[in-house]
2 protein chains.
Amino acid sequence: MEIEEIEVKDLDPQVFVEQKIAEIASLVGSGLAVNALSGGVDSSTVTMLGHKALGERLKTYFIDHGLMREGEPKKIVALFNEIGVPVEIVDAKAAFFDALKGVGDPEEKREAITQAFYKDVFGELVKESGATHLLQGTNYTDIEETVAGVKRQHNILEQLGIDPEKEYGYKVIEPLIRLRKPAVREVAKALGLSEEIHNRPPFPGPALAARVIGEVTWERVETVRKATGIVEEELSNTGAFQYLAILHEDMVTGVRSGKRDYGFQVEVRCWDSQDAKTGSPTRLPYEILERLAERITTEVPGVVSVTYNITKKPPSTIEAV
Amino acid sequence: MEIEEIEVKDLDPQVFVEQKIAEIASLVGSGLAVNALSGGVDSSTVTMLGHKALGERLKTYFIDHGLMREGEPKKIVALFNEIGVPVEIVDAKAAFFDALKGVGDPEEKREAITQAFYKDVFGELVKESGATHLLQGTNYTDIEETVAGVKRQHNILEQLGIDPEKEYGYKVIEPLIRLRKPAVREVAKALGLSEEIHNRPPFPGPALAARVIGEVTWERVETVRKATGIVEEELSNTGAFQYLAILHEDMVTGVRSGKRDYGFQVEVRCWDSQDAKTGSPTRLPYEILERLAERITTEVPGVVSVTYNITKKPPSTIEAV
């Protein structure tokens with residue numbers, strides 16, 4: 001790999017911020033840039049860097065693909081509006097759910113999302129806006145995992161031999177490519193982003209599509225969205241690195257009011273980790289595990305069984321898809 | 001339900017044993033009886049009752065359907081030979097795996113096993129032996145769950161409107177039908193069966209076929225058989241009511257030696273319960289959970305992820321299929 005990591009211990013966040021602002025301004029020149037804000041720490045940091053470098057010549061979109069957490073689009077947009085950064089919500093649900101129809105294999109799912117994102121939705125937005133550049137929050141771990149063949153990250157193009165200018169009509173700028181998550185959080189802090197943003201638990205690129213095993217339909221995303229809400233409510237104060245709910249495709253036998261109820265299973269994962277490279281299941285107290293199971297089987301229609309993942313990474317990965 | 005339960009507190013095991021021996025002797029008369037011994041406490045108890053009632057006029061078979069634990073057929077037969085009860089092993093692997101080919105739905109799976117067991121395999125054995133009666137270990141919980149529509153137990157016939165004499169050519173005697181598991185264990189003890197038998201953790205009628213979600217193939221049974229061996233080794237001294245490994249059909253992303261490894265997930269369940277009617281996940285220490293995950297992902301080929309079920313029954317059931 002030719003890109004060299006900047007470790008937290010070697011990072012001066014203020015200097016890094018000034019350098020990146022200058023670099024973005026110089027690369028975009030008198031052009032226009034666009035970027036997609038998802039609310040994660042990576043895209044939030046890139047939004048702030050771009051905003052400081054380009055002001056009104058940066059157009060920030062929140063792509064509402066319908067795969068976000070409950071209430072997320074409005075909440076994130078409000079957070080950024082408060083600090084003077086305009087963000088436009090783009091309703092792209094149809095494009096994404098069409099692209100995901102009938103797709104069960106994890107790598108094909110990620111590919112479908114990449115295509116819907118870069119080609120269909122962003123291709124159009126860039127054409128409309130006349131932008132010359134796309135800013136995005138690719139980080140060092142994304143590159144590393146994709147190059148190593150662990151998992152294809154949706155935001156990786158060049159390293160897979162894709163020339164975005166030729167394929168999609170715009171250049172890509174990746175200011176965070178030499179940083180892992182902990183370093184990105186330091187930069188976010190230096191940019192004045194609130195605790196809620198700079199300490200936000202990681203969320204996968206393909207969003208809730210990565211939390212559904214098998215085909216991603218609107219109903220199945222609704223199911224995992226509800227379970228995700230419960231898991232985040234119950235585990236947000238545990239100090240864990242990441243916590244998530246996965247909807248399985250396998251169905252299992254359950255029982256309700258004395259009758260057989262063939263239903264869904266939700267898997268909960270909660271990770272202790274420094275950098276997502278390796279991880280261990282958090283040793284959550286059984287009171288919490290039992291409350292999670294109780295709430296998910298009561299509040300999420302169709303779910304009769306809940307499991308907790310007890311495998312380390314490796315051989316597991318953080319997400320299942 | 002017309003059958004009335006005899007609770008442990010109302011049971012005199014010695015008196016029950018004497019009554020049942022007399023009853024079996026009188027029902028079979030001068031005929032011959034057969035029974036299938038699986039090694040579980042129910043069929044073991046019935047074998048002893050039948051042996052004491054009929055002596056050589058009881059023919060006991062161990063149906064080796066290939067769905068047993070590792071080494072089980074030989075071990076069980078040896079245990080019974082030691083106490084003077086002859087048992088014949090019948091190799092019925094082909095009949096069962098043929099019947100299970102392409103069957104994914106849990107209820108169809110149970111139906112396929114019922115048919116292979118009663119019609120194909122036992123139908124033949126009864127014809128060959130000239131038996132007039134089949135002794136079997138149906139208990140009160142089996143009846144109750146099937147009648148309530150929770151789960152079809154493989155050994156339920158009459159309550160589903162099946163007349164075994166008409167359908168299969170023999171009468172069925174069910175000496176344990178008024179007892180739940182704890183009461184059966186008392187009877188087993190009164191019959192002098194060893195701790196290993198009378199304290200044996202419950203094992204489902206469809207055996208490891210109930211521990212495979214989706215199609216049951218030889219390879220998939222081998223996988224869950226290995227995982228079951230590990231779970232039983234690690235959890236046998238926990239005092240839990242029942243513990244089991246389930247092979248999922250869903251595949252998940254893992255990582256081995258830095259490369260993506262798309263593999264299997266095994267779910268572990270371990271129950272605190274009195275009578276299987278209701279249950280709670282045992283609060284196993286995390287050291288044990290982590291060792292289970294470590295051993296299963298290392299020793300069972302193809303498995304990259306292990307979960308622990310945290311749901312109560314209800315709404316879960318003890319088994320997933």
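Below, chain A is the first sequence line, B the second, and so on; all start at residue 1.
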- Just checking heavy atoms, which of residues 277-285 of chain B are less than 4.5 Å from chain A? Pro281(B), Thr282(B), Arg283(B), Leu284(B)
- Note on the structure: Expected contact set for residues 215-243 of chain B against chain A at heavy-atom separation under 4.5 Å reads none
- Message: Checking Glu107(A) against Lys109(A) for the salt bridge (Lys or Arg N to Asp or Glu O under 4.0 Å) test, could you report, in this order, the C-alpha distance in whole Å, the side-chain angles of both residues, the deciding distance, and whether it holds?
- Response: CA-CA 5 Å; Glu107(A) 293 295 286; Lys109(A) 210 182 272 181; over 6 Å; no
- Indicate the atoms forming the closest heavy-atom contact of Ile318(B) with Ala276(B), along with that distance. CG1-O, 4.1 Å
- Message: Looking at every heavy atom in both Tyr262(A) and Asp105(B), which two are closest together, and how far apart are they?
- Response: CE2-OD1, 4.3 Å
- Of Ile310(B), Val304(B), Asn309(B), Val252(B), the largest count of non-hydrogen pairs under 4.5 angstrom with chain A goes to Ile310(B)
Modelled atom types, side-chain donor and acceptor of [X] and [Y], under 3.5 Å:
X	Y	result
Ser38(A)	Ser43(A)	yes
Ser316(B)	Ser305(A)	no
Gln136(B)	Tyr118(B)	yes

- Item | Separation of Leu100(A) CG from Leu67(A) CG (nearest 0.5 Å) | 6.5 Å
- With side chain to side chain contact (heavy atoms under 4.5 Å, CB included) as the test, would you mind laying out the steps for Ile177(A) and Asn139(A) before giving the verdict? CA-CA 4 Å; Ile177(A) 206 154; Asn139(A) 68 32; over 6 Å; no
- Task: Please lay out, stage by stage, how Trp271(A) and Arg269(A) fare under the test side chain to side chain contact (heavy atoms under 4.5 Å, CB included).
- Result: CA-CA 7 Å; Trp271(A) 293 100; Arg269(A) 297 184 180 192; 3.8 Å; yes
- Find the one option among Gly263(A), Gly104(A), Pro106(A) whose heavy-atom pairs under 4.5 Å with chain B are most numerous. Pro106(A)
- Specify which of Glu287(A), Glu294(A), Met251(A) makes the most heavy-atom pairs with chain B at under 4.5 Å. Glu287(A)
- Query: Can you say whether Gln265(B) sits under 4.5 Å from chain A via the side chain, the backbone, both, or neither, judging by heavy atoms?
  - Reply: side chain
- Side chain, backbone, both or neither: which part of Thr297(B) has an atom under 4.5 Å from a heavy atom of chain A? side chain
- Query: Is Asp250(A) reaching over with its side chain to a backbone N or O of Asp250(B), donor-acceptor style, under 3.5 angstrom?
  - Reply: yes
- Message: Let's go through Arg211(A) and Glu319(A) carefully: what are the C-alpha distance in whole Å and the side-chain angles of both, what is the deciding distance for salt bridge (Lys or Arg N to Asp or Glu O under 4.0 Å) to 0.1 Å, and is it a yes or a no?
- Response: CA-CA 7 Å; Arg211(A) 304 277 173 82; Glu319(A) 304 275 347; 2.6 Å; yes
- Item | Validation row: Glu144(A), Arg180(A) side chains within 4.5 angstrom (heavy atoms) | yes
- Item | Per-residue contact mode, Glu249(A) against chain B (heavy atom under 4.5 angstrom) | both
- With only heavy atoms counted, which part of Ile213(A) is less than 4.5 Å from chain B, the side chain, the backbone, both or neither? side chain
- Task: Could you walk me through whether Glu4(A) and Arg178(A) pass salt bridge (Lys or Arg N to Asp or Glu O under 4.0 Å), step by step?
- Result: CA-CA 6 Å; Glu4(A) 209 181 314; Arg178(A) 295 178 62 187; 5.2 Å; no
